[in-house]
Colleague: 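What follows is a structure written as structure tokens; I'll ask about it next.
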Amino acid sequence: MVKEYINGNKDRFLAELFDWLRIPSVSADSRHKGDVRKAAEFVKEKLATAGVDKVEICETKGHPIVYAEKIINPSLPTVLVYGHYDVQPADPLNLWTSPPFEPVIKDDKIYARGSCDDKGQVYMHVKAFEIMMKNNLLSCNVKFMIEGEEEVGSDNLGTFVKENKAKLKADVILISDTALISLDHPSITTGLRGLSYMEVEVTGPNRDLHSGVYGGAVANPINVLCDMIASLHDENGRVTIPGFYDKVAELSAAEREALNRAPFNVNEYKSELGINEIKGEKGYTTLERTGVRPTLDVNGIWGGYTGEGAKTVLPSKAHAKISMRLVPNQSSAEITELFTKHFKAIAPEYVKVKVMPHHGGEPAVTPTNSKAFGAASKAFEEVWGKTPIPTRDGGSIPIVALFKRELGLDTVLMGFGLDSDAIHSPNEHYGVKNFLLGIETIVAFYKHFAK
Ligand code: BES
Ligand code: MN
Ligand code: MN
């Protein structure tokens, strides 16, 4: 019945998703503030049409949160679905093979910014809900909380959650905003990394100088910044910030063995990324490096002259944005402080250094012995014919730790993307198959969860 409904309505499902994807809801860019709101209104309307009892746009200091609920019986369990309707900026635009906000299907994949992260995955939940309403299958209560600031750090969501604990009362959080190992190997994410995001500024002379007149006699802040950044890793690929690893939870031999049992082909990995060799912290596999080890990466670096042609200049300032991915039991605030202290300590006396923290988030591990995890596992078995493999993802969804802390709720991370979907990159895409199977799996989840 569910399969038939999906097949009979898939063109409409996709057409509706396309309308949503056409709205450039880039939360980071204030020029798109109106579009972000339009995307909120859009999902509000679709939830209303699908049959929720109540749906509202909740104002925050930033972009609004869409909240909806369908309470069929207060004594039944409640699932709280979380997702985000905001998207990453689309640039660099020239690298897209089709415009980011004009969705198209190529090779059975939907190409558009937000197709996988996260509109396409949120829309699976809206359509799964529609199916359950239309076919009288809904067997528990559902709440939806779809936010518009995930890609900029969910600054206002924490306040919303703290102020609306009664409204958000539920038994489990369900999120589709992560990836599967592959279409052949369904998986359920059981851990996410945390984040500390920093910006640094190194200042040398009080103005840009002629690099011939002064070069060689005055420290160049870009050269200095590069030296400082280079010193943040040692020859074994370990981060050199004192105390950085102090709180890191080391996995037992058995846990490591289980983690590395997930299918992973290093040659495919290299060829898909166009790299000749992998690189990372010595003594750990790729799955460990991205899943359970903390990291430090420069996300952007700028200064001096970067325009057309050449300009001989010794710049006054150099800048970089640096992110650190965190694992249990590191704390974002602590790591931010350790970085700040260390980065100031390694600054030579011939420059001034400013360290500015951006957003952060705590790492999270989700239980695999809960009723909800069991329901997710059975849903995958039913729809995909295979038992899903538990995996640790390297990305961050800071709200997962916050839900646990504030609401005492565990999350099931039932994501349907693929690492190769190019989220945050040009040509983001999402498989039509992932979308349709995802809807079916979500419906199956409710069935097993309510049993
Ligand atoms: N959906 C991603 C996180 C993700 C991606 C988890 C792939 C697992 C696998 C989310 O939208 C995201 O991009 N999060 C940010 C963090 C946020 C605080 C800006 C991230 O991970 O960089
Ligand atoms: Mn996301
Ligand atoms: Mn994202």
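Both ligands and their constituent atoms are indexed starting at 1 by order of listing. Reckoned from all heavy atoms, side chains included, excluding hydrogens, waters and symmetry mates.
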Colleague: Side chain or backbone of Gln88 under 4.0 Å from ligand 1, or both, or neither, by non-hydrogen atoms?
Modeller: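 Within the 4.0 Å criterion, Gln88 makes no contact with ligand 1.
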Colleague: Look at atom 4 (C) of ligand 1 and say which protein heavy atom is nearest, naming residue and atom and giving the distance to 0.1 Å.
Modeller: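 For atom 4 (C) of ligand 1, the nearest protein heavy atom is Asp177 O, 3.7 Å.
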Colleague: What class does the angle between the rings of Phe42 and Trp20 fall in, given that below 30° is parallel, 30 to 60° is tilted and above 60° is perpendicular?
Modeller: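 Correct class here is parallel.
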Colleague: Answer with yes or no whether Gly361 contacts ligand 1, where contact means a heavy atom under 4.0 Å from a ligand atom.
Modeller: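 It does not, in that no heavy atom of Gly361 comes within the 4.0 Å cut-off of ligand 1.
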Colleague: Which residue holds the protein heavy atom closest to atom 3 (C) of ligand 1, what is that atom called, and what is the gap in Å?
Modeller: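 Looking only at protein heavy atoms, the one closest to atom 3 (C) of ligand 1 is Ser396 O, 3.5 Å.
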Colleague: Any donor-acceptor pair under 3.5 Å linking the side-chain atoms of Thr366 with those of Lys404?
Modeller: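 The answer is no; no qualifying pair exists.
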Colleague: Select one of side chain, backbone, both or neither to describe which atoms of Pro398 lie under 4.0 Å from any atom of ligand 1, heavy atoms only.
Modeller: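 Contact part for Pro398 vs ligand 1: side chain (C-beta onward).
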Colleague: Does Arg113 qualify as a cation-pi partner of Phe101, given the criterion of NZ or CZ under 6.0 Å from the six-membered ring centre and within 45 degrees of its axis?
Modeller: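 No, a cation-pi geometry is absent between Arg113 and Phe101.
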Colleague: Looking only at protein heavy atoms, identify the closest one to atom 9 (C) of ligand 1 and say how far it is in Å.
Modeller: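 Checking every protein heavy atom, the shortest distance to atom 9 (C) of ligand 1 gives Asp393 OD2, 3.4 Å.
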Colleague: Against heavy atoms of Arg325, which atoms of ligand 1 measure under 4.0 Å?
Modeller: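 Matching atoms, with element in brackets: 20 (C), 21 (O), 22 (O).
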Colleague: Does Gly114 offer a backbone N or O that forms a donor-acceptor pair with the side chain of Glu428 under 3.5 Å?
Modeller: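 A pair under 3.5 Å: yes.
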Colleague: Quick one: is the NZ or CZ of Lys167 closer than 6.0 Å to the six-membered ring centre of Tyr67, and within 45° of its axis?
Modeller: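 Yes, cation above the ring, under 6.0 Å and within 45°.
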Colleague: Decide whether an N or O pair under 3.5 Å exists between His424 and ligand 1.
Modeller: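 Min N/O separation from ligand 1 is below 3.5 Å for His424.
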Colleague: Mind checking whether His84 and Glu149 have side chains closer than 4.5 Å, heavy atoms only?
Modeller: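 A side-chain contact is absent here, since even the closest heavy-atom pair is not under 4.5 Å.
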Colleague: Going by atom types only, do Gln88 and Asp117 share a side-chain donor-acceptor pair under 3.5 Å?
Modeller: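 Their side chains do not contain a donor-acceptor pair, so the 3.5 Å distance test is not met.
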Colleague: For a quick check under 3.5 Å, do Asn156 and His63 share a side-chain donor-acceptor pair by atom type?
Modeller: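 The criterion, which ignores hydrogens and geometry beyond distance, is not satisfied for His63 and Asn156.
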Colleague: Should you measure from each heavy atom of His84, which atoms of ligand 1 turn up under 4.0 Å away?
Modeller: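 In order of numbering, the contacting atoms are 11 (O).
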Colleague: Looking only at N, O or S atoms, which one in Glu151 sits nearest to the Mn ion (ligand 3)?
Modeller: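 Going by distance to the Mn ion (ligand 3), the closest N, O or S atom in Glu151 is OE2.
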Colleague: Return yes when at least one N/O/S atom of Asp177 is nearer than 2.8 Å to the Mn ion (ligand 3), and no when none is.
Modeller: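 No, since none of the N, O or S atoms of Asp177 sits under 2.8 Å from the Mn ion (ligand 3).
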Colleague: Counting non-hydrogen protein atoms only, what is the nearest one to atom 11 (O) of ligand 1? Give residue, atom name and distance.
Modeller: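 Looking only at protein heavy atoms, the one closest to atom 11 (O) of ligand 1 is Glu150 OE1, 2.7 Å.
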Colleague: Could Lys447 and Glu382 be called an ion pair, given the rule that one side-chain N must be under 4.0 Å from one carboxylate O?
Modeller: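 Here Lys447 pairs with Glu382 in a salt bridge, since their nearest N and O are under 4.0 Å apart.
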Colleague: What residue and atom, counting heavy atoms only, is the protein's closest point to atom 5 (C) of ligand 1, and at what distance?
Modeller: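 For atom 5 (C) of ligand 1, the nearest protein heavy atom is Ile423 CD1, 3.6 Å.
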Colleague: Over all heavy atoms of both residues, which pair between Ser377 and Thr387 is shortest? Give the atoms and the distance, please.
Modeller: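 Minimum heavy-atom contact is OG-CG2, 4.3 Å.
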Colleague: Could you establish whether Thr178 and ligand 1 come within less than 4.0 Å of each other, counting only heavy atoms on the residue side?
Modeller: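 Heavy atoms of Thr178 do come under 4.0 Å of ligand 1.
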Colleague: Can an N or O of Asp117 be found at a distance shorter than 3.5 Å from an N or O of ligand 1?
Modeller: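 In this structure, Asp117 places an N or O atom under 3.5 Å from an N or O of ligand 1.
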Colleague: Using the Mn ion (ligand 3) as the vertex, how large is the angle between OD2 of Asp117 and NE2 of His424, rounded to 10 degrees?
Modeller: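 Between OD2 of Asp117 and NE2 of His424, the angle at the Mn ion (ligand 3) is about 90°.
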